[in-house]
Amino acid sequence: QVQLVESGGGSVQSGDSLRLSCASSGDPYSSYCMGWFRQAPGKEREGVAAIASDGRASYADSVKGRFTISQTDTRKTLYLQMNNLKPDDTAMYYCAARWPGPCTVGVLTTARSGYWGQGTQVTVSS
């Protein structure tokens with residue numbers, strides 16, 4: 001079992017930055033994928049960023065160059081640094097872990113099993 005708790009969301013202006021955090025607990029094995037996906041009302045889920053235990057990261061094209069995923073050495077905390085935010089980034093952001101398959105945002109987008117938290121809302125106004 002893995003428990004994930006997100007924090008750091010909020011309401012910001014276009015061009016601002018936010019850093020999301022995800023605290024993980026419950027599973028002593030850390031060699032699995034972790035990442036972030038988002039979902040806006042009426043839209044499909046979108047994998048935003050994924051990171052493997054060795055630090056290799058994968059990003060959605062829509063956020064490349066603006067978002068950075070990182071993790072602590074113990075992998076107990078996952079971060080998503082979001083810069084130059086745009087109104088299209090408005091969504092509920094979820095931390096995810098241990099989805100089956102490769103550690104990529106493409107797989108995270110369609111994953112139907114794994115662990116994720118309750119989400120944190122990010123709202124960007126123009």
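Start at 1 with the first residue, then count along the sequence.
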**Study point:** Straight-line distance of L78 CG to S24 OG, nearest 0.5 Å
**Key:** 8.0 Å

Exercise for review: Look up atom CD in Q71 and atom CE in M34, then write down how far apart they are to the nearest 0.5 Å.
Suggested key: 7.5 Å

Practice item. Grab the two heavy atoms, one from C33 and one from P102, that are nearest each other, plus how far apart they are. Key: SG-C, 4.5 Å

Practice item. State whether the side chain of Q81 and the backbone N or O of S70 hold a donor-acceptor pair below 3.5 Å, judged by distance alone. Key: no

Point to revise | Pair V2-R98, side chain to side chain contact (heavy atoms under 4.5 Å, CB included): steps then yes or no | key: CA-CA 9 Å; V2 177; R98 293 195 70 181; 4.0 Å; yes

Review point. Is any side-chain heavy atom of Y79 closer than 4.5 Å to a side-chain heavy atom of T72?
Key: yes

Check your understanding: Do you know which two heavy atoms are closest between I51 and I69, and how far apart they sit?
Key -> CG2-CD1, 3.7 Å

**Study point:** Test item: side-chain donor near acceptor, E46 and S62, under 3.5 Å
**Key:** yes

Review point. Quick one: does P100's side chain get under 4.5 Å of S113's, heavy atoms only?
Key: yes

**Study point:** Atom pair OH (Y94) and SG (C22), whose distance is rounded to the nearest 0.5 Å
**Key:** 13.0 Å

Exercise for review: Would you indicate whether the side-chain heavy atoms of R66 and K64 approach each other to under 4.5 Å?
Suggested key: no

Review point. Hey, mind stepping through F67 and N84 against side chain to side chain contact (heavy atoms under 4.5 Å, CB included) and telling me if it holds?
Key: CA-CA 9 Å; F67 290 13; N84 191 21; over 6 Å; no

Exercise for review: Go through the steps for Y93 and E6 under the test side chain to side chain contact (heavy atoms under 4.5 Å, CB included), then give the verdict.
Suggested key: CA-CA 8 Å; Y93 284 71; E6 303 95 336; over 6 Å; no

Review point. Side chains of P87 and S14: closer than 4.5 Å at any heavy-atom pair?
Key: yes

Point to revise | Closest approach of W99 to A111 (non-hydrogen atoms, all atoms of both residues) | key: CB-CB, 3.7 Å

**Study point:** Proximity of F37 and W116 rings by center, below 6.0 Å
**Key:** yes

Revision key, fill the gap. Here the gap from S7 atom OG to Q118 atom CD, rounded to the nearest 0.5 Å, amounts to 13.5 Å

Review point. If only atom types and distance count, is the side chain of T90 paired as donor or acceptor with the main-chain N or O of T123 below 3.5 Å?
Key: no

Practice item. Step by step, work out the side chain to side chain contact (heavy atoms under 4.5 Å, CB included) result for D16 and V124. Key: CA-CA 8 Å; D16 286 350; V124 185; over 6 Å; no

Practice item. May I have the step-by-step check of salt bridge (Lys or Arg N to Asp or Glu O under 4.0 Å) for R56 and D54, ending in yes or no? Key: CA-CA 6 Å; R56 286 175 298 162; D54 63 3; 2.7 Å; yes

Point to revise | Short side-chain to backbone donor-acceptor contact, S58 and A49, under 3.5 Å | key: no

Check your understanding: Got a sec, which residues hit ring pair (Phe, Tyr, Trp, His ring centres under 6.0 Å) with Y59, two or more places apart in sequence or on another chain?
Key -> none

Exercise for review: Determine the sole option in V5, L4, L20, L80 for which the side chain to side chain contact (heavy atoms under 4.5 Å, CB included) test with C95 is passed.
Suggested key: L4

Practice item. State the CZ-CZ distance between R45 and R38, to the nearest 0.5 angstrom. Key: 13.5 Å

Practice item. Identify whether the distance between the nearest side-chain nitrogen and carboxylate oxygen of K86 and D89 falls below 4.0 Å. Key: no

Check your understanding: Taking C-beta and beyond as the side chain, do Y32 and R75 meet within less than 4.5 Å on heavy atoms?
Key -> yes

